[in-house]
Amino acid sequence: MPKKKKPFSKDTKLAELLTDDRRLLQLLPRFGIGLGFGDRNVNQVCQMNHADPELFLMVCEIYSDSSFRPSQEELQHIDMGNLLSYLKASHQYYLDERFPHIEHHLQRIVDACGQKYGPMLSHFYDEYKQEVMRHIQYYEEEVVFPYIEALLKGQRTDSYKITEFEHNHTNIQDVLDDMMNILLKYLPGDILPKERIEISLDIMELSDDLSRHSLIEERILVPYVESIENAQP
């Protein structure tokens, strides 16, 4: 019988929350939270690090339970500026840490594959990375976020609406599946098997993280911005 997840609250000790779901560890730097917080609860740690506890718990809920959807009332208690800061920090994490880490290890596998599989593996990885970058770096950073920041300042425009954002989430699962098939199914068994398992786990973890990132945008960012758009004359 699966272990029932404890409800998250500001009074929950942060260490207990992280022990219950280790995936939440990767969220700490994006909120500016470091380790060494002792037995302090979520509210205390967030206050020490100038983080929004309501937003922190909401993001943790979505990461821990993909079916979680905050109510409109709950959304009104968060600060959109804090959410944008979190999303931008997530983008930097993907671009500055996760992709370079994967590329460093993947290159060894590509070099060991030779001409039969190496160029194909590189192609699918590059396509996967470019699709992610195209969305988060060029679309979100240059179109969506500036629009929201202007909206928060009361600057209304009819040239863009947040509903367009939902239609611009690219589906990169097919590219990811092709890359994983090469790594797991088609390369000869004697080509760096240990590294192939490790890099496959890294890629799956990144894919899961990106999926949760999209859920946060769809379930927090979009409805929050829609409420601002609808409230304006």
Side-chain angles (χ1 to χ4, degrees), residues 2-70 74 77-79 81-106 128-129 132-133 135-137 140-141 172-173 176 180 194-221:
K3 181 181 177 183
K4 187 177 180 180
K5 184 175 78 70
K6 296 178 183 178
F8 294 158
S9 79
K10 293 181 183 180
D11 296 326
T12 304
K13 290 184 178 180
L14 183 56
E16 292 180 1
L17 187 147
L18 299 174
T19 301
D20 285 345
D21 191 338
R22 63 178 180 82
R23 292 175 301 178
L24 304 181
L25 270 167
Q26 63 192 329
L27 302 181
L28 297 184
R30 307 178 202 181
F31 281 97
I33 298 174
L35 300 178
F37 37 72
D39 286 328
R40 295 181 179 88
N41 61 32
V42 169
N43 192 52
Q44 291 170 326
V45 176
C46 285
Q47 287 184 346
M48 287 173 57
N49 293 277
H50 309 290
D52 181 347
E54 283 85 5
L55 176 60
F56 177 76
L57 288 171
M58 199 176 289
V59 170
C60 286
E61 288 279 10
I62 292 176
Y63 261 79
S64 188
D65 179 5
S66 60
S67 67
F68 174 78
R69 188 181 294 272
E74 290 172 318
H77 289 95
I78 67 166
D79 184 294
N82 290 333
L83 177 59
L84 291 180
S85 295
Y86 165 81
L87 294 174
K88 290 175 182 178
S90 296
H91 292 175
Q92 288 303 117
Y93 170 71
Y94 300 138
L95 299 175
D96 296 345
E97 296 186 41
R98 294 311 300 163
F99 278 121
H101 171 80
I102 290 173
E103 288 163 11
H104 174 73
H105 294 283
L106 188 65
Y128 171 70
K129 178 182 176 181
V132 173
M133 290 182 64
H135 182 77
I136 68 174
Q137 196 170 31
E140 292 188 9
E141 297 274 354
I172 56 175
Q173 191 59 45
L176 182 63
M180 295 303 295
K194 182 179 178 182
E195 285 203 44
R196 281 160 59 189
I197 291 174
E198 290 174 352
I199 199 70
S200 297
L201 289 171
D202 281 343
I203 293 170
M204 290 175 183
E205 185 179 273
L206 173 61
S207 176
D208 182 68
D209 194 351
L210 286 166
S211 295
R212 295 297 191 278
H213 182 80
S214 294
L215 286 177
I216 288 166
E217 293 171 331
E218 292 167 7
R219 295 179 183 175
I220 303 179
L221 182 81

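Please read these numbers as outputs of a predicted model, since none were measured by experiment.
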Looking only at heavy atoms, what is the nearest atom pair of [X] and [Y], with distance?
X	Y	result
Pro53	Cys46	CA-SG, 3.8 Å
Ser9	Leu57	C-CD1, 3.7 Å
Arg219	Pro70	O-CG, 3.6 Å
Ser64	Leu24	N-CD2, 4.5 Å
Gly38	Ala15	O-CB, 4.4 Å

Contact between [X] and [Y] at the side-chain level, heavy atoms closer than 4.5 Å - yes or no?
X	Y	value
Met48	Phe37	no
Leu206	Tyr128	yes
Leu18	Leu28	yes
Met180	Met204	yes
Asp11	Asn43	no

Nearest 0.5 angstrom please: [X] [atom1] to [Y] [atom2], how far?
X	Y	atom1	atom2	answer
Leu17	Leu27	CG	CG	9.5 Å
Lys194	Ile199	NZ	CD1	13.5 Å
Leu106	Glu103	CG	CD	8.0 Å
Glu74	Glu61	CD	CD	8.5 Å
Ile78	Met58	CD1	CE	5.0 Å
Leu210	Leu215	CG	CG	11.0 Å

Task: Stepwise side chain to side chain contact (heavy atoms under 4.5 Å, CB included) check, His213 with Tyr94 - done: CA-CA 11 Å; His213 182 80; Tyr94 300 138; 3.4 Å; yes

In chain order, what residues pass the side chain to side chain donor-acceptor pair (under 3.5 Å) check against [X], with sequence neighbours excluded?
X	value
Asp52	none
Glu141	His91
Glu97	none

Open item on the list: Listing request: all ring-ring contact (aromatic ring centres under 6.0 Å, His included) pairs with a residue in residues 38-60, at least two apart in sequence or in separate chains.
Closed with: Phe31-Phe56

Return all side-chain donor-acceptor pairs below 3.5 angstrom for residues 81-89, not counting sequence neighbours, or 'none' if the list is empty.
| residue | atom | partner | partner atom | Å |
| --- | --- | --- | --- | --- |
| Ser85 | OG | Gly81 | O | 3.1 |
| Lys88 | NZ | Glu149 | OE2 | 2.8 |

- [ ] For Asp208 and Arg23, run salt bridge (Lys or Arg N to Asp or Glu O under 4.0 Å): C-alpha distance rounded to whole Å, both residues' side-chain angles, the deciding distance at 0.1 Å, then the answer.
- [x] CA-CA 10 Å; Asp208 182 68; Arg23 292 175 301 178; 3.8 Å; yes

Open item on the list: Atom CG of residue position Asp39 - does it have more than 12 heavy atoms of other residues, nucleotides or ligands inside 6.0 Å?
Closed with: no

I'd like to know if the side chain of [X] reaches the main chain of [Y], judged simply by a donor and an acceptor atom lying under 3.5 Å from each other, with no hydrogens or angles considered.
X	Y	result
Arg30	Ser90	no
Asn49	Ala51	no
Ser207	Ile203	no

TODO: Take Leu95 and Ile136 through the side chain to side chain contact (heavy atoms under 4.5 Å, CB included) test and state the conclusion after the steps.
DONE: CA-CA 10 Å; Leu95 299 175; Ile136 68 174; 4.3 Å; yes

- [ ] Evaluate side-chain hydrogen bond (donor to acceptor under 3.5 Å, both in side chains) for Ser214 paired with Ser211, printing each intermediate quantity in order.
- [x] CA-CA 5 Å; Ser214 294; Ser211 295; over 6 Å; no

TODO: Go through the steps to decide whether Lys10 and Gln44 satisfy the test side chain to side chain contact (heavy atoms under 4.5 Å, CB included), and finish with yes or no.
DONE: CA-CA 8 Å; Lys10 293 181 183 180; Gln44 291 170 326; over 6 Å; no

Open item on the list: Holding to ring pair (Phe, Tyr, Trp, His ring centres under 6.0 Å), I want the full list of residues that pass it with His105, two or more places apart in sequence or in another chain.
Closed with: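 Residues passing ring pair (Phe, Tyr, Trp, His ring centres under 6.0 Å) with His105: His101.
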
TODO: Apply side chain to side chain contact (heavy atoms under 4.5 Å, CB included) to Asp21 and Phe8, showing your working.
DONE: CA-CA 11 Å; Asp21 191 338; Phe8 294 158; 5.5 Å; no

